[in-house]
Number of protein chains: 4
Amino acid sequence: MTRQPDPRRRNEQSRRAILQAAAELCVQVGFAATTVEGIAARAGVGKQTIYRWWPSKAAVLLEYMQDLRAATADFLDTGDVLTDLVAQTTAVQRLLTSDAGAIWRGLLVTAQTDDAAASGVRELIERAIDDGRARLATAQRDGQIRADVDLDIAVELIFGPLYHAWLLRARTLPEQHMAEVLRTLFAGLAPTPA
Amino acid sequence: MTRQPDPRRRNEQSRRAILQAAAELCVQVGFAATTVEGIAARAGVGKQTIYRWWPSKAAVLLEYMQDLRAATADFLDTGDVLTDLVAQTTAVQRLLTSDAGAIWRGLLVTAQTDDAAASGVRELIERAIDDGRARLATAQRDGQIRADVDLDIAVELIFGPLYHAWLLRARTLPEQHMAEVLRTLFAGLAPTPA
Amino acid sequence: MTRQPDPRRRNEQSRRAILQAAAELCVQVGFAATTVEGIAARAGVGKQTIYRWWPSKAAVLLEYMQDLRAATADFLDTGDVLTDLVAQTTAVQRLLTSDAGAIWRGLLVTAQTDDAAASGVRELIERAIDDGRARLATAQRDGQIRADVDLDIAVELIFGPLYHAWLLRARTLPEQHMAEVLRTLFAGLAPTPA
Amino acid sequence: MTRQPDPRRRNEQSRRAILQAAAELCVQVGFAATTVEGIAARAGVGKQTIYRWWPSKAAVLLEYMQDLRAATADFLDTGDVLTDLVAQTTAVQRLLTSDAGAIWRGLLVTAQTDDAAASGVRELIERAIDDGRARLATAQRDGQIRADVDLDIAVELIFGPLYHAWLLRARTLPEQHMAEVLRTLFAGLAPTPA
DNA sequence: CGCTAATCGAGACGGTACGTCTTGTCTTTTG
DNA sequence: CAAAAGACAAGACGTACCGTCTCGATTAGCG
């Protein structure tokens, strides 16, 4: 039974230094080589100060990503769903290939193993998916998407290829790739019956 | 300058014991908790015998997956592409949720960090993708897929959602899920112009 | 450039447990079979705690011997040098045939190879020799030893046979052996000129 | 139950190459760093060829020392025991400080631990001691040594300081050191009663 | 404004696994 | 078909981090 610390006395400066140091280290040396010890050293902080407030390095970096997301604009709605999806997926793709991409990749990796990390990560993912589904629902109401399309499936058809390419194939895709994916997706694979 | 060992003198029995032990351990205790030391102990083998032939535990398990794939049937061609894709994706999904899934998940995780592992993993992935694209090419020639569809994109639209659901959402999907995904994909999202 | 630890924060309890465990192991299984790993396990201590403070198992056991010596009475001075030498050499002989003898033997062995150990060992040896020489100097001043005797040589004549018998001949000598050696030594080998 | 090999089929050339290689390695890199593997490599011989005929590297080097001793002149007898002892101890001292000294030192070290080696080493030592005692016996008969001197003790008084200085103090002693030791030994430490 | 209790930086601690090294035996290939 | 070459099982080596713990020294919040 460990006593939990008093958040009022928490040193906000340390918190920011830790998040910053963790992110920088992760970008510079990679997620795996980032150690709690290293984060503490770079942040000029004792190891215990990290363990007092976070259960693991993944939790630290997850908080970094949450802060980052909080500072990010939401899904737009221009009226044209295809335009909006291109904008959104392009934005996601830019994130994945930026510095934060290395962190996010590390978190996804950790989530495969660590249940605590997994639930935090999943929360972020589901929020993005919910946003996407909401935009699709609007489009469906407006007749831009067939009425019989299952939106849960549709949203996975959109994000699936994006993550597949990034996580499993490690290729830097051209920006217009997602546009083509979306066009193909909207048109379908089957030939139109004559 | 480390001398490389002579493969002709390799003990095939040890090799198999190591692959088997690695796979079993990975299933039982998880990829992360699987250690080279543990594999050696379970296989009744010296640690050096592992390090002599493989650079890491990931390489061992990669070889296990390669052997597994070599013993696996290829893509069928019944004439109906949708039927074949359902069969294939269902088979993949079964693999992912089987014991080997835990190993494959671990390898995908490792590939995010370890370049050597990454190239081996990517080779397996690309082979599966190539097989898929080949089947789609046949279907396109037979008029079951529109002539203007980019098959590279099509194949990613197929496998993307599958891996997205498995890796990022950790849900066990019903078997018919992939069938619905494929139907939606063939039909497209856009309403058919009246 | 390895940072050296702060001795003020050292855990004295661990230090003692390590010295004790090392000594016991050495006695039970022999110096060669005593491993740092074994010492750590028996002392209930992490390996790193040993490596933090000592460079090798020899250094640990050397410290044990130093502690032991510090707790040992000095050369007596009863006025009669022969009596005192018999007392001292008997005490040394008892040490050599006691448990500590196994440790000391191991250290002497290690000192033949390992320069760092050698200098620590030599320090202990020279201290004993200096003590002996000091007692002889007093005896020489008192006329119990001829004025022209080189005391450096005399002290080596005293300890030399003792170590020769113990190290090279591995025989357990009777306690009175040293008394006879000393008598012979004082009387000389040559017949007294008539 | 290991079958012992047939000595008639033994390759004398390999035997010599192994002894030579072992001695050279020992001199060049030290006894501890000399490995059976290294000896085999340098002698152009398989490891098993060494293990077939010798139980350990110590046994190989012991055989080298035995061969060396067989090729060495015996104790002289000029009629003056002090002269002869000076000659003999000087010769020993030269051996100890020569290349062979490193080998001999290694064997003495090994003998502290390894019983098999110990008995071989002890045999060599005892032979030298017996030779010395025999010369002293002659001297005693000739009246050059007091009749009541215990020759077992006398011989240890002679070799003891020599080995003590060499093994425990690691100093290179001047050649005349032993002459002075012997003079002191013959004269005794006690002042001649007036 | 001072007291006091918690947080802070620092780092030693008991552990686990790493990847390397060496030992003596066993096995394969070669001359 | 014997010997060289070297793969093998075993296990200690010294290192890197883990997550916990114990220090004094601030420092924040209550009295």
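Labels below follow one simple rule: chain letters A, B, ... track the order of the sequence lines, proteins then strands, and each chain is numbered from 1.
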Legend entry - Residue B/Gln48, side-chain heavy atoms: nucleotide from F/dC18, F/dA7, F/dA10 that is nearest: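 Comparing F/dC18, F/dA7, F/dA10 against the side chain of B/Gln48, the answer is F/dA10.
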Legend entry - B/Lys47 side-chain proximity, nearest of E/dG19, E/dT7, F/dC8: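 Looking only at heavy atoms from C-beta outward on B/Lys47, the closest nucleotide is E/dG19.
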Using a cut-off of less than 4.0 Å, is there contact between a side-chain N or O of [X] and OP1 or OP2 of [N]?
X       : N      : answer
A/Ser14 : E/dT7  : no
A/Trp54 : F/dG19 : no
B/Trp53 : F/dC8  : yes
D/Thr49 : F/dA3  : no
B/Arg8  : E/dT28 : no

Spatial distance of atom [atom1] ([X]) from atom [atom2] ([Y]) [nearest 0.5 Å]:
X       : Y        : atom1 : atom2 : answer
C/Leu62 : C/Ser119 : CG    : OG    : 8.0 Å
C/Glu37 : C/Ile50  : CD    : CD1   : 9.5 Å
B/Leu61 : B/Ile18  : CG    : CD1   : 11.5 Å

Nearest whole Å is fine: how far is [N] [atom2] from [X] [atom1]?
X       : N      : atom1 : atom2 : result
C/Arg52 : F/dC18 : CZ    : P     : 15 Å
A/Glu12 : F/dA28 : CD    : P     : 13 Å
B/Gln4  : F/dA7  : CD    : C1'   : 14 Å
C/Ile50 : F/dA16 : CD1   : P     : 17 Å
C/Asp6  : F/dT22 : CG    : C1'   : 13 Å
C/Leu25 : F/dA12 : CG    : P     : 12 Å
A/Arg9  : F/dT27 : CZ    : P     : 12 Å
A/Gln13 : E/dT7  : CD    : C1'   : 14 Å

Inset, instruction - Under 4.0 Å from any atom of DNA chain E, heavy atoms only: list the residues of residues 110-121 of chain A that qualify, in numerical order. - result: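 Here the set is empty: none.
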Legend entry - Strand contacts (DNA chain E) in residues 26-46 of chain A, 4.0 angstrom heavy-atom criterion: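 A/Gly44, A/Val45, A/Gly46 - these, ordered by number, are the residues of the stretch whose heavy atoms sit under 4.0 Å from the strand.
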Sequence neighbours left out, cut at 3.5 Å: what donor-acceptor pairs do the side chains of residues 106-116 of chain B make with other protein atoms?
residue  : atom : partner  : partner atom : Å
B/Thr110 : OG1  : B/Gly106 : O            : 2.8
B/Gln112 : OE1  : A/Arg105 : NH1          : 2.4
B/Gln112 : NE2  : A/Leu167 : O            : 2.9
B/Gln112 : NE2  : B/Leu108 : O            : 3.3
B/Asp114 : OD1  : B/Ala116 : N            : 2.9
B/Asp114 : OD1  : B/Ala117 : N            : 3.3

Legend entry - Residues B/Arg16, B/Asp67: salt bridge by 4.0 Å N-O rule: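 Salt bridge: no.
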Legend entry - Side-chain donor-acceptor pair present, C/Gln28, C/Arg42, cut-off under 3.5 Å: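 The answer is yes; a qualifying pair exists.
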Inset, instruction - May I have the step-by-step check of side-chain contact (heavy atoms from CB on, under 4.5 Å) for A/Arg10 and A/Arg52, ending in yes or no? - result: CA-CA 10 Å; A/Arg10 183 168 188 181; A/Arg52 188 164 12 248; over 6 Å; no
Legend entry - NZ or CZ of C/Arg69 within 45° of C/Trp104 ring axis and under 6.0 Å: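 No cation-pi geometry.
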Legend entry - Quiz item: cation-pi between B/Arg9 and B/Trp53, 6.0 Å / 45°: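 No, B/Arg9 does not lie over the aromatic ring of B/Trp53.
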Inset, instruction - Please figure out whether C/Ser56 or B/Pro7 has its closest DNA chain F nucleotide nearer the 5' end. - result: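 Its nearest nucleotide being more 5', the pick is B/Pro7.
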Inset, instruction - Indicate yes or no: at least one non-hydrogen side-chain atom of D/Val121 is less than 4.5 angstrom from one of D/Ile125. - result: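 A side-chain contact exists here, since the closest heavy-atom pair is under 4.5 Å.
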